[in-house]
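Data first, discussion second: the structure below is written as structure tokens.
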Amino acid sequence: MTVAFLGTGIMGAPMAANIAKAGLDVRVWNRTREKAEPLSDVATGATVADSAASAAEGADILVTMLADGPAVAEAFEAASPASGTLWLQMSTVGLDWTDRLAALAEQAGVVFVDAPVLGTRQPAEQAQLQVLASGPEEARPKATPVFDAVAIKTQWLGPAGNGSRLKLVLNAWVLALTNATAESLGLARALDLDPALFLETIKGGGLDVGYAHVKGGAMLSGEYPPAFPAALAAKDARLVVEAAAEDVDVAGAKAVLAHLEAAVEAGHGDEDMAALYRAVVKER
């Protein structure tokens, strides 16, 4: 079985590597070829394609892992996969773009599975992602080897689009948790307390959350190696706000978005989303 994998960024590169290591024939493509080249080493064994079309030619499965809906649509159209190809769309693109991509798949005669992933760089490297899959049941056996290669858990959620819906729900929680950690640490500092006391006090108790220590540790150190860049986190926060529309007051998501946008505008878009702490405490 041949897999064409389009998009070898922070998440895509380790995902493609794990699929190749699982024994599948993998062809990778990235708009910036240099980001795909490391996947051609002996340990990984993927083939680097010169174009999206050459990656997809004759492939059984097409995987897209790109920044947003327009990037996915552009790559899919450039790839022009054959009718009957299984398309695993694993990027986080929101509800509107998921519908648009499903329509493109239908026009091309391609089987579409909406399958965004939960996790950041380290879980991707360790094949410990969670896949939120939605699409036709008959696609499941063919998709399973790919999902098993990248994930510790796959949930099948019914019709295409449900995966993206659940991803937005989970993103709202992750973003809120990151922002709440930043605000608590910032408040401690403003009250002349050692911010580390917050993390020390919640540790091991009913209020403890591992994610707070991961992101909080970065905030306290002032170092933000990108597990998930702030610019992409801002994109995801916008998708949450757009999905909520007038039905739900997502004031928390709007606050996260404001802090992320401030961090991005100050030049921290390529740093981890924990860099929103810079905006919370008015650092530049």
Side-chain angles (χ1 to χ4, degrees), residues 1-20 24-33 35-36 39 46-119 121 124 129-136 139 142-147 149-151 154 160-164 167-168 228 232 235-236 239:
M1 188 161 60
T2 301
V3 178
F5 198 107
L6 309 185
T8 58
I10 287 176
M11 296 290 290
M15 290 171 65
N18 285 327
I19 295 169
L24 284 73
D25 179 17
V26 179
R27 302 180 200 146
V28 296
W29 171 84
N30 195 74
R31 184 168 54 184
T32 305
R33 183 184 174 97
K35 292 184 177 181
L39 293 166
T47 301
V48 180
D50 292 325
S51 67
S54 61
E57 184 178 2
D60 303 287
I61 297 176
L62 177 72
V63 179
T64 47
M65 191 64 187
L66 295 151
D68 54 28
V72 173
E74 181 180 354
F76 176 80
E77 291 173 341
S80 189
S83 177
T85 302
L86 174 59
W87 180 13
L88 307 180
Q89 203 308 95
M90 304 185 77
S91 322
T92 300
V93 299
L95 304 187
D96 179 56
W97 270 104
T98 295
D99 289 343
R100 293 195 205 185
L101 298 174
L104 285 178
E106 185 174 9
Q107 292 166 11
V110 167
V111 180
F112 180 75
V113 174
D114 166 43
V117 297
L118 187 64
R121 184 206 298 246
L129 297 170
Q130 293 188 49
V131 177
L132 309 177
S134 56
K142 193 172 181 180
T144 294
V146 172
F147 293 159
V150 302
T154 297
N162 284 350
S164 284
K167 179 64 189 295
L168 292 180
F228 190 64
L232 291 180
K235 178 263 298 184
D236 284 0
L239 293 176

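Heavy-atom basis, side chains included; hydrogens, waters and symmetry copies ignored. All figures in this text were calculated on a predicted structure; none of them were measured in a lab. Residue numbers count from 1 along this sequence.
- A distance of 11.0 Å separates CD of Glu57 from OG1 of Thr2, quoted to the nearest 0.5 Å.
- Shortest non-hydrogen contact noted between Ala4 and Ala59 is CB-CB, 3.9 Å.
- A side-chain donor-acceptor contact under 3.5 Å links Asp114 to the backbone of Ser164.
- Met11 places a side-chain heavy atom less than 4.5 Å from the side chain of Leu129.
- To the nearest 0.5 angstrom, Thr98 atom OG1 is 8.0 Å from Leu168 atom CG.
- Using a 4.5 Å cut-off on side-chain heavy atoms (C-beta onward), Leu62 and Val110 make no contact.
- Looking only at side-chain heavy atoms (C-beta outward), Trp97 and Leu239 stay at 4.5 Å or farther from each other.
- Of all the heavy atoms in Asn30 and Gly9, the pair that sits closest is OD1-N, 4.2 Å.
- Minimum interatomic distance between Ala46 and Val28 (heavy atoms only, all atoms of both residues): CB-CG1, 4.2 Å.
- Considering every non-hydrogen atom in both Ser83 and Gly109, the closest pair reads OG-O, 3.4 Å.
- Across Leu86 and Ala143, no two heavy atoms sit closer than the pair CD2-N, 3.8 Å.
- Using a 4.5 Å heavy-atom threshold, the side chains of Ile10 and Phe228 count as separate.
- Atom OG1 in Thr47 sits 14.5 Å away from atom CZ in Phe5 (nearest 0.5 Å).
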Next item on the list: Apply side chain to side chain contact (heavy atoms under 4.5 Å, CB included) to Thr92 and Lys235, showing your working.
Entry: CA-CA 9 Å; Thr92 300; Lys235 178 263 298 184; 3.9 Å; yes
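- Under a cut-off of 6.0 angstrom, the local environment of CZ in Arg31 is sparse, with at most 12 non-hydrogen atoms contributed by other residues, nucleotides or ligands.
- Trp29 contributes atom CH2, which lies 14.0 Å from atom CG of Leu39 (distance to the nearest 0.5 angstrom).
- Remark: side-chain polar atoms of Gln130 are not paired, donor with acceptor, to backbone N or O of Leu132 under 3.5 angstrom.
- Met15 places a side-chain heavy atom less than 4.5 Å from the side chain of Val117.
- Of the inter-residue distances, the one linking Glu74 atom CD with Thr64 atom OG1 reads 13.0 Å to the nearest 0.5 angstrom.
- Residues Phe112 and Leu104 are not in side-chain contact: their nearest non-hydrogen atoms beyond the backbone lie 4.5 Å or more apart.
- Between Met90 and Val150, some side-chain heavy-atom pair lies under the 4.5 Å cut-off.
- Within 6.0 Å of the NZ atom in Lys35, the count of heavy atoms belonging to other residues, nucleotides or ligands does not exceed 12.
- You'll find the side chain of Leu101 stays beyond 4.5 Å of the side chain of Phe76, heavy atoms only.
- Closest approach of Val113 to Pro136, counting heavy atoms only: CG2-CD, 4.4 Å.
- To the nearest 0.5 Å, atom OG of residue Ser134 and atom NZ of residue Lys167 are 12.5 Å apart.
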